[in-house]
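All values below come from the heavy atoms of this structure, side chains included, with hydrogens, waters and symmetry mates left out. Every number for a ligand or one of its atoms is a count from 1 in the order of the listing.
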Amino acid sequence: QEELNHFRNVQRISVTGKRVADPIRTFDELGEKYKVPDKLVENLAVCGYPLPTPIQMQAVPIMLQGRSLMACAPTGSGKTVAFLLPVLRDLKGPQRKGFRAMILAPTRELAQQIYRECLRLSEKTGLKIHLINKVSQAEQKFGEKSSKKYDILVSTPNRICYLLSRDPPVLDFSQIEWFIVDEADKLMEEGANSFKEQFDQILGACTSSSRKVALFSATYTVPVAKWAIRNLKGLVRVTVGERNA
Ligand code: ADP
Ligand code: ADP
Ligand code: MG
């Protein structure tokens, strides 16, 4: 326990929550302890990621425990891999059940980047990832059965809300197990037509009882923390570096 506390201190990781998983120190541990398939671990090496960054050390095992998470770590600290890796492990392979994970980003550029990283990390898993580029294309693609072939959705919120509000809705989120919000501090800003309203609408469509939510951001903000504490069962909070808000 003392060694564990020391390790977290050195990595500047602080955790809040009950029975929080130990941080991993190498990606190789993921195979033994968390049954992460070899090909995922190999993909990390191919991407040029020899060792986990602090946020990856702590966020990945927490998400692999199946816990909802609020994670804060500085810009450039590897948050994208921290949420993609556990999602890719959890979904295993394609199942044709429709979207089982959704990643929300506040800008198109960011959604694009996440999508590209997801393609690289999911190489050889067979998982199908979709980025909503054009609403019109999405409407054709997801009509009735065809969206069943996709496993992961990456998008900005506005398009999703539009597609959900169609009659009949173009997207089915009833199978969503992981709802990931990147740059969650931006998505939680309140106000009319704000991201927060859209966020609520999207979350409301994720009706599965096994749905987990993971919120990632560069800074710790009180609105996000309050929302997470109030709404997420079994929440763990992780901060790397200063809790600067
Ligand atoms: P953040 O979202 O925290 O700002 P990113 O996920 O965009 O950070 O990652 C920043 C950079 O670090 C990217 O270029 C990414 O490829 C790289 N990176 C991510 N994880 C690792 C790792 N374990 N080792 C080395 N580089 C990494
Ligand atoms: P872009 O966002 O670049 O305009 P999209 O393909 O995403 O392209 O959107 C195409 C069209 O879908 C929009 O011009 C608009 O008519 C409709 N649309 C998208 N989002 C919404 C929304 N939130 N409410 C109403 N209509 C929308
Ligand atoms: Mg990021």
Considering only the protein, which heavy-atom contact is closest to [atom], and what is its distance?
{"atom": "atom 7 (O) of ligand 1", "answer": "T80 OG1, 3.7 Å"}
{"atom": "atom 25 (C) of ligand 1", "answer": "Y49 CD2, 3.6 Å"}
{"atom": "atom 12 (O) of ligand 1", "answer": "G76 O, 4.3 Å"}

Can you find a side-chain donor-acceptor pair between [X] and [Y] that sits under 3.5 Å?
{"X": "D151", "Y": "Q95", "result": "no"}
{"X": "D172", "Y": "S174", "result": "yes"}
{"X": "T219", "Y": "D185", "result": "yes"}

request  = Look up atom 21 (C) of ligand 1 and tell me if a protein heavy atom lies less than 4.0 Å from it?
outcome  = yes

request  = Look up atom 14 (O) of ligand 1 and tell me if a protein heavy atom lies less than 4.0 Å from it?
outcome  = no

request  = May I ask you to decide if the ring planes of F173 and F99 are parallel, tilted or perpendicular, using 30° and 60° as cut-offs?
outcome  = perpendicular

query = Where does the angle between the aromatic ring planes of F199 and F179 fall among parallel (under 30°), tilted (30 to 60°) and perpendicular (over 60°)?
reply = parallel

Using a 4.0 Å cutoff against the non-hydrogen atoms of [X], which atoms of ligand 1 qualify?
{"X": "P74", "answer": "3 (O)"}
{"X": "T75", "answer": "4 (O)"}
{"X": "L51", "answer": "22 (C), 23 (N), 24 (N)"}
{"X": "S77", "answer": "1 (P), 3 (O), 8 (O)"}

request  = For ligand 1, indicate whether the residue Q113 contacts it via side chain, backbone, both or neither (heavy-atom separation under 4.0 Å).
outcome  = neither

task = For ligand 1, note which part of C47 has a heavy atom under 4.0 Å away: side chain, backbone, both or neither.
result = neither

message = Going by the closest heavy atom to atom 3 (O) of ligand 1, which one wins out of K79, R120, E183, M57?
response = K79

key: From C118 atom SG to L85 atom CG, the distance as rounded to the nearest 0.5 Å   = 10.5 Å

inquiry  = Considering both backbone and side-chain atoms of G78, is one of its nitrogen or oxygen atoms within less than 3.5 Å of a nitrogen or oxygen in ligand 1?
reply    = yes

inquiry  = Please find the pair of heavy atoms, one from I176 and one from S208, that lie closest to each other, and give the distance.
reply    = O-CB, 3.6 Å

ask   = Can you name the nearest heavy-atom pair linking T125 to P94, along with the distance?
value = O-CD, 3.5 Å

